[in-house]
Number of protein chains: 2
Amino acid sequence: MKLSKKERQQLLYQTLKDNPFITDEELAEKFSVSIQTIRLDRLELNIPELRERIKNVAQHNYSEKVRSLPIDEVIGEIVDMELDRHAISILDIKPEHVFSRNKIARGHHLFAQANSLAVAVINDELALTASSNIQFLRQVKLGERVIAKAKVTEQNGPKGRTIVVVESFVNQELVFKGEFSMYRSKNEKVDKQ
Amino acid sequence: MKLSKKERQQLLYQTLKDNPFITDEELAEKFSVSIQTIRLDRLELNIPELRERIKNVAQHNYSEKVRSLPIDEVIGEIVDMELDRHAISILDIKPEHVFSRNKIARGHHLFAQANSLAVAVINDELALTASSNIQFLRQVKLGERVIAKAKVTEQNGPKGRTIVVVESFVNQELVFKGEFSMYRSKNEKVDKQ
DNA sequence: CTACTGTTAGTACCTAGTCATAATGTGTAG
DNA sequence: CTACACATTATGACTAGGTACTAACAGTAG
């Protein structure tokens with residue numbers, strides 16, 4: 001079945017969003033149209049060429065992602081991040097995170113996820129937690145997936161501290177909440193592309 | 001000043017490791033050699049071309065796996081304890097506790113020590129942290145020994161919470177201070193973790 | 001019939017490489 | 001000084017995955 005131009009373009013957009021590593025040739029084959037049509041589509045949709053797409057993915061990872069923290073020093077997996085603005089990480093609660101007796105996640109793991117996310121979101125070479133105020137709102141059990149969302153709420157608070165609020169959820173339910181007052185070495189400008 | 005082949009290749013390796021987004025042409029200029037030399041160098045060092053390098057970075061980003069740094073079951077070694085009264089634990093700051101870049105202990109390890117001590121001192125089957133208020137007073141460096149002292153200050157506070165104050169020291173110097181509001185199931189049993 | 005949209009085709013050009021081969025420099029041993 | 005090795009540079013032909021542009025054709029709408 002042949003797709004209309006609109007359908008094809010919508011699918012094209014989604015396809016490249018899911019997997020930016022596809023060439024025009026492969027796309028042409030996939031949609032049973034010529035390469036030129038694919039190129040016109042990309043032009044209309046403002047989608048850059050393969051190499052640019054790959055470069056974007058790479059650079060996103062490289063310069064934007066984690067400056068103050070190598071990636072493997074973050075507890076949990078960072079899935080979204082805009083430096084000095086907000087960040088999201090995921091932590092799956094595994095056996096090593098829980099009390100062996102009742103399978104409830106130990107508090108410091110939730111703290112560690114939130115704290116390291118707060119450190120990571122800071123656009124600075126040196127970022128350290130100065131103080132924090134936290135609440136554990138409900139028990140998190142083995143197997144649950146904790147999604148921590150950090151938001152920078154104040155860039156230049158008392159003593160030049162940056163305030164980061166982290167809220168952690170399991171299935172939309174708030175399980176942890178913390179306010180972190182972060183020390184940083186400089187006060188970098190916010191720049192976003 | 002001209003570099004020897006070996007020096008150049010070593011520098012080339014480091015340069016591309018730091019920033020894989022450099023073309024052969026820029027490298028040639030940087031090292032004051034021809035593009036061909038750069039290519040011979042890359043060949044010898046088994047460094048792929050620009051596009052492949054970028055692709056690698058991009059793909060690495062794409063398929064990043066969760067690497068949850070396991071924190072040991074018991075954080076610090078308990079050296080003294082009187083249930084529902086006070087407790088002391090020792091934690092030696094090792095390489096796995098610090099930021100690789102500056103050798104400063106990551107906040108969540110100090111928190112973990114204090115938190116688990118607060119849990120341990122509670123004389124109950126189930127003890128969980130409800131909320132806490134903490135301060136990191138000075139940086140703790142690799143190799144330092146942190147002594148955490150927990151004191152139960154209130155046995156039946158608001159909502160039946162037990163309040164535990166933990167102070168951590170390095171050489172008598174206060175480096176961390178936290179007040180933990182602990183949830184407990186009952187008010188007796190001898191059992192803790 | 002004409003105008004317009006959507007599609008396909010083809011050409012020239014681009015970047016950042018590849019590979020193979022040849023021609024230079026430069027340094028050291030005999 | 002010559003000979004040879006090794007390092008370096010040059011040259012030409014080729015590649016993928018494009019951009020930018022021009023031209024042509026088929027089907028539909030007015």
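Naming: A, B, ... by sequence-line order, numbering from 1 per chain. Nothing here was measured: the structure is a model prediction, and the numbers come from that model.
- Atom-to-atom, CD1 of A:Ile38 to C1' of C:dT8 comes out at 12 Å; the value is rounded to the nearest Å.
- Rounded to an integer number of Å, the gap from B:Leu50 CG to D:dT15 C1' is 15 Å.
- Considering only heavy atoms from C-beta on, A:Leu137 comes within 4.5 Å of A:Lys177 through its side chain.
- Using a 4.0 Å heavy-atom cutoff across all strands shown, A:Ile35 reaches no nucleic acid atom at all.
- Atom CD in A:Gln36 sits about 12 Å away from atom P in D:dG18, given to the nearest Å.
- Contact annotation: A:Thr37 reaches the phosphate of C:dT8 (side-chain N/O to OP1 or OP2, under 4.0 Å).
- For A:Arg39 and C:dA12, the CZ to P distance is 17 Å, given to the nearest whole Å.
- Counting non-hydrogen atoms under 4.0 angstrom, B:Arg53 reaches nothing in the nucleic acid.
- The nearest whole Å value for the distance from the CG atom in A:Leu43 to the P atom in C:dG6 is 14 Å.
- Position along DNA chain C of the nearest nucleotide to B:Glu25 versus A:Lys5 favours A:Lys5 as the more 5'-ward residue.
- Look at CG on A:Asp24: it is 14 Å from C1' on D:dA20, rounded to the nearest Å.
- Toward the 5′ end of DNA chain D lies the nearest nucleotide of B:Asp41, the other residue of the pair B:Asp41 and A:Thr23 mapping further downstream.
- Distance NZ (A:Lys6) to P (C:dT7): 13 Å, rounded to an integer number of Å.
- The six-membered or imidazole ring of B:Phe111 lies near that of B:Phe180, with a centre-to-centre distance under 6.0 Å.
- The phosphate of C:dG17 has neither OP1 nor OP2 within less than 4.0 Å of any side-chain N or O from A:Arg51.
- Among the atoms of the strands shown, only primed sugar atoms or phosphate atoms (P, OP1, OP2) are found under 4.0 Å from some heavy atom of B:Glu49.
- Computed from coordinates, the A:Glu52 CD to D:dT19 C1' distance equals 12 Å when rounded to whole Å.
- Counting heavy atoms of neighbouring residues, nucleotides and ligands inside a 6.0 Å radius, atom CD of B:Glu154 exceeds 12 of them.
- Heavy atoms from other residues, nucleotides or ligands lying under 6.0 Å from CD of A:Glu44 number more than 12.
- B:Val165 forms part of no hydrophobic cluster, judged by ILVMFWY side-chain heavy-atom separations under 4.5 Å.
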